[in-house]
Undergrad: 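Pasting in a structure now, in structure tokens, and then I'll have a few things to ask.
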Amino acid sequence: MVKSNSGLSRKRLGEMYRTMLRIRRFEETADDLYMAGKVVGGVHVSIGQEACSAGVCAALREDDAVLTTHRGHGHSIAKGTRLPEMLAELMGKVTGLCRSKGGSMHIADVSKGHYGAHSIVGANMPMAAGIGLAYQLEGKDRVAVVFFGDGASNNGAFHEAMNLCAIWKLPVVFFCENNQYAVSVPAEYSTSVDDISVRSKGYDAPGLTVDGMDVAAVYEASREAVSHARRGLGPSLVEAKTYRFFGHSRGDPHYGMYRTKEEWEGWKERDPLIVCEKMLKMTAKQKKAHADAVEAEIREAIEFAENSPEPEESVALEDIFA
Amino acid sequence: MPEVKTRTISYSTAINEALHEEMERDEKVFLMGEDIALSAISPATAGLGDRFGHERVRNTPISELGFTGAAVGAAMAGYRPVLDMRRIDFMMLAIDPIANQAAKLRYMLGGQVSIPLVIRAPEGGGSQNGPTHSQCLEAWFIQVPGLRVIVPSDPADAKGLLKSAIREDNPVLFVEYRALYSLEGPVPEGDYTEPIGKAAVKREGSDITLIGIGSQARNCLEASDLLAREGIDAEVVDPRTINPLDVEGLAGSVRKTGKCVIAEEGHKSGGVGAEIAASVQEAAFGALKAPIIRVAALDVPVPVHTKLEAIVLPSTEKVVSAAKKLLS
């Protein structure tokens, strides 16, 4: 497993820390609002996995694309998705990114290169191949990154999309967040390999496993994979070993059902925010400066979402055909 | 009205011409599918690879889920892919990108994207290809809001509707009856389109309305000739588009004749005919002088043996006998 080296500037790493903190606080807020009955539909938080979102998106340009999953708030935020409109979507407001018709599992902000959270597991990978194909046909050096989990790597869509990208040399990065569990089913039961990245060998593409709790390691691996794609050399598969600190969704405890307390505590010690704070040797004052700035942003998002109107009835019949 | 110059070409040549002309007109249009690059294997796409290159006429691996999902992605990113499914039966491996993604993305993302995608889906029996190579499945897809479903029955409609489908900014399932590929008919010269969502009267009559979908529009026309010999003046109407369905166009004919037979090659239960019958009676119940009768494939798979296949599939004779039963 690849660990980070120290080649990264403090400024760059500090930016990634800020992104991770924004994701953490957004999702804690979303969870609180859910418990207060203010969220419409379900919410799947990625708390614990923030280094993946922040590290990958730091290696992307604004005109690159991402596609994500039902657990996609982190990727959305890291790609530049607007927080107020995103929170409004969760809270069923018409000012939401999807006009309250997609909810948490379908957040998209196409103007920021975010082509959507896709809640059918595996479905986003062939679509990412198609966006990569569009970029290749255009003759531009843009890249599409698709996020998925260990569970999705057992889906036929993953294998068909990998093969398409490999034979056509499409500029796509497959980023697998191996958080060890597909809802309750452990990857070690459901998956034929220990390291999912070895599956890239079947498609003659580079594969790499990184420490998904170390944002610098994720960034470095992503930079390499993105550069490979941008140079027209085709897809890569990056696997980040990570862990969700929450259950699959609400109603699923943090531990005790299919994860032990010991296992959970072991991963909590490697909280990506703490790992990054240590790397940056952050002072309490620096931490507070980050926290204050993020809190202001979160407050603004809540205010926007709370004050936004619910959809008119006519919205139910809109946006079906162009 | 100026006279439209026509020439006689086949249904598959009409499709081929539409593809040539639309690829010429718009460089964002490209084709993907299994075995489409070799002219000898695929008459509908003949000559396109040579003319436009294999970047735009792209053979795919046997990965229906993969390349259909890729087409949805390319459409989101501004291209206008046209897929060739070879057979609608194979398309069953690609239901997710069609029903869960292409049809819903625009709505689900609050109008942020459009999906200008055409899926050409050849289908139908009559050539002893058996249960998994003979199905007519368009009925499944009228249950999916967000899709257009088009079923042309003659060369002129095939060309004009395919050109409309390619210019449409929404996902379109374009169903082609394989049994019609060799059918010849008059097709206008030059650029023209046919409107999506408009039924066409293929033969005017006053005694009974025969509504035929795809291959059965042909059988209804043949049936109307046979009925004419017995003094029965049948009107034949082809819905051409089944989502959206031109209910007024169909009901208008039924208001005139008071009697209606609906023929389709798909299975009877939950079929397109059932939807049309319900819609027509909602719109024109007062004009109906008898129950609407459906002629369709029996509710068993389509067997290989010629004799057994003929028992299961609808035919001109079955349409004739349904019409006579209704008029007796």
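Throughout, protein chains are lettered first and strands after them, A, B, ... in sequence-line order, and every chain is numbered starting at 1.
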Undergrad: Heavy-atom pairs under 4.5 Å with chain A - which of B:Leu65, B:Val113, B:Ile115 has more of them than the others?
TA: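 Top option by heavy-atom pairs under 4.5 Å: B:Leu65.
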
Undergrad: Are A:Phe148 and A:Phe158 close enough that their ring centres sit under 6.0 Å apart?
TA: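 Yes, the ring of A:Phe148 comes within the 6.0 Å limit of the ring of A:Phe158, centre to centre.
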
Undergrad: Heavy-atom cut-off 4.5 Å, strictly under: side chain, backbone, both or neither for A:Leu133 against chain B?
TA: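 The side chain, not the backbone.
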
Undergrad: Does NZ or CZ of B:Arg148 fall inside the cone over A:Phe321's six-membered ring, less than 6.0 Å from its centre and within 45° of the axis?
TA: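 Yes, B:Arg148 sits over the ring of A:Phe321.
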
Undergrad: Would you call B:Glu22-B:Arg167 a salt bridge at under 4.0 Å N-O?
TA: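 Yes, charged N to carboxylate O under 4.0 Å.
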
Undergrad: So for B:Leu93, is it side chain, backbone, both, or neither that comes closer than 4.5 Å to the heavy atoms of chain A?
TA: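 The answer is neither part of B:Leu93.
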
Undergrad: Which bit of B:Glu27 is near chain A, if near means a heavy-atom gap under 4.5 Å: side chain, backbone, both or neither?
TA: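 Contact with chain A: none, neither part.
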
Undergrad: Check each atom of A:His159 against the heavy atoms of chain B and say whether the ones under 4.5 Å are side chain, backbone, both or neither.
TA: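 Neither part.
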
Undergrad: Just wondering, are more than 12 heavy atoms of other shown residues or ligands nearer than 6.0 Å to CD1 in B:Ile62?
TA: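 No - once you tally the heavy atoms of other residues, nucleotides and ligands closer than 6.0 Å, there are 12 at most.
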
Undergrad: Out of A:Ala316, A:Gly96, A:Ala128, return the one with the most heavy atom pairs under 4.5 angstrom to chain B.
TA: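 Most pairs with chain B among the choices: A:Ala316.
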
Undergrad: Would you indicate whether A:Asn307, at its atom CG, is surrounded by more than 12 heavy atoms from other residues, nucleotides or ligands within a distance under 6.0 Å?
TA: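 Yes, the 6.0 Å shell around CG holds more than 12 heavy atoms from other groups.
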
Undergrad: Tell me, out of B:Ala77, B:Pro145, B:Pro116, who's got the most heavy-atom pairs with chain A below 4.5 Å.
TA: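 That would be B:Ala77.
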
Undergrad: Does any heavy atom of chain B fall under 4.5 Å from the side chain of A:Ile167, the backbone, both, or neither of them?
TA: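 It is the side chain, since no backbone atom gets that close.
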
Undergrad: Against chain B, label A:Glu318 side chain, backbone, both or neither, depending on which of its atoms sit under 4.5 Å from a heavy atom there.
TA: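 Just its backbone gets close to chain B.
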
Undergrad: Does B:Lys28 make a cation-pi contact with B:Tyr79 (under 6.0 Å, within 45 degrees of the axis)?
TA: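 Yes, B:Lys28 lies over the aromatic ring of B:Tyr79.
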
Undergrad: Using a strict threshold of under 4.0 Å (side-chain N to carboxylate O), is an ion pair present between B:Asp191 and B:Lys163?
TA: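 Result for this pair is yes, salt bridge flagged.
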
Undergrad: Go through the atoms of A:Asn124 and report whether side chain, backbone, both or neither lie under 4.5 Å from a heavy atom of chain B.
TA: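 Neither part.
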
Undergrad: I'd like to know which of B:Glu64, B:Arg56, B:Arg58, B:Met76 tops the heavy-atom pair count under 4.5 Å against chain A.
TA: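 The option with the most such pairs is B:Arg58.
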
Undergrad: So which of A:Ala161, A:Ala134, A:Gly102, A:Cys165 has the largest heavy-atom pair count under 4.5 angstrom toward chain B?
TA: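 Most heavy-atom pairs under 4.5 Å with chain B: A:Ala134.
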
Undergrad: Salt-bridged, B:Lys159 to B:Glu194, with N to O below 4.0 Å?
TA: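 Between B:Glu194 and B:Lys159 there is no salt bridge, as every charged N stays at least 4.0 Å from the carboxylate O atoms.
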
Undergrad: Is it the side chain or the backbone of A:Ile320 that comes within 4.5 Å of chain B heavy atoms, both, or neither?
TA: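 Answer is both: backbone and side chain atoms of A:Ile320 are under 4.5 Å from chain B.
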
Undergrad: Among B:Glu168, B:Glu55, B:Lys104, B:Gln101, single out the residue with the greatest number of heavy-atom pairs under 4.5 Å to chain A.
TA: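 Heavy-atom pair counts peak at B:Gln101.
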
Undergrad: Which one of B:Glu34, B:Met91, B:Arg120 satisfies the side chain to side chain contact (heavy atoms under 4.5 Å, CB included) criterion with B:Arg86?
TA: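 It is B:Glu34, the one option of B:Glu34, B:Met91, B:Arg120 that forms the side chain to side chain contact (heavy atoms under 4.5 Å, CB included) with B:Arg86.
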
Undergrad: Are the aromatic rings of A:His75 and A:Phe175 close, with centres under 6.0 Å apart?
TA: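 No, the ring centres sit 6.0 Å or more apart.
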
Undergrad: Let me know if B:Asn170 has heavy atoms under 4.5 Å from chain A in its side chain, its backbone, both or neither.
TA: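 Answer is side chain: those atoms of B:Asn170 sit under 4.5 Å from chain A.
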
Undergrad: Under a 4.5 Å cutoff for heavy-atom pairs, which residue among A:Ser119, A:Ala322, A:Gly156 has the most contacts with chain B?
TA: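 Answer, by heavy-atom pair count under 4.5 Å with chain B: A:Ala322.
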
Undergrad: Tell me, for B:Pro97 versus chain A, whether the close heavy atoms (under 4.5 Å) come from the side chain, the backbone, both or neither.
TA: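 Contact with chain A involves no heavy atom of B:Pro97 at all.
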
Undergrad: So, for A:His106 and A:His118, is the gap between ring centers shorter than 6.0 Å?
TA: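 No - the distance between ring centres of A:His106 and A:His118 does not fall below the 6.0 Å cut-off.
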
Undergrad: Quick one: of A:Asp109, A:Val94, A:Val315, who has the most non-hydrogen atom pairs under 4.5 Å with chain B?
TA: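 That would be A:Asp109.
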
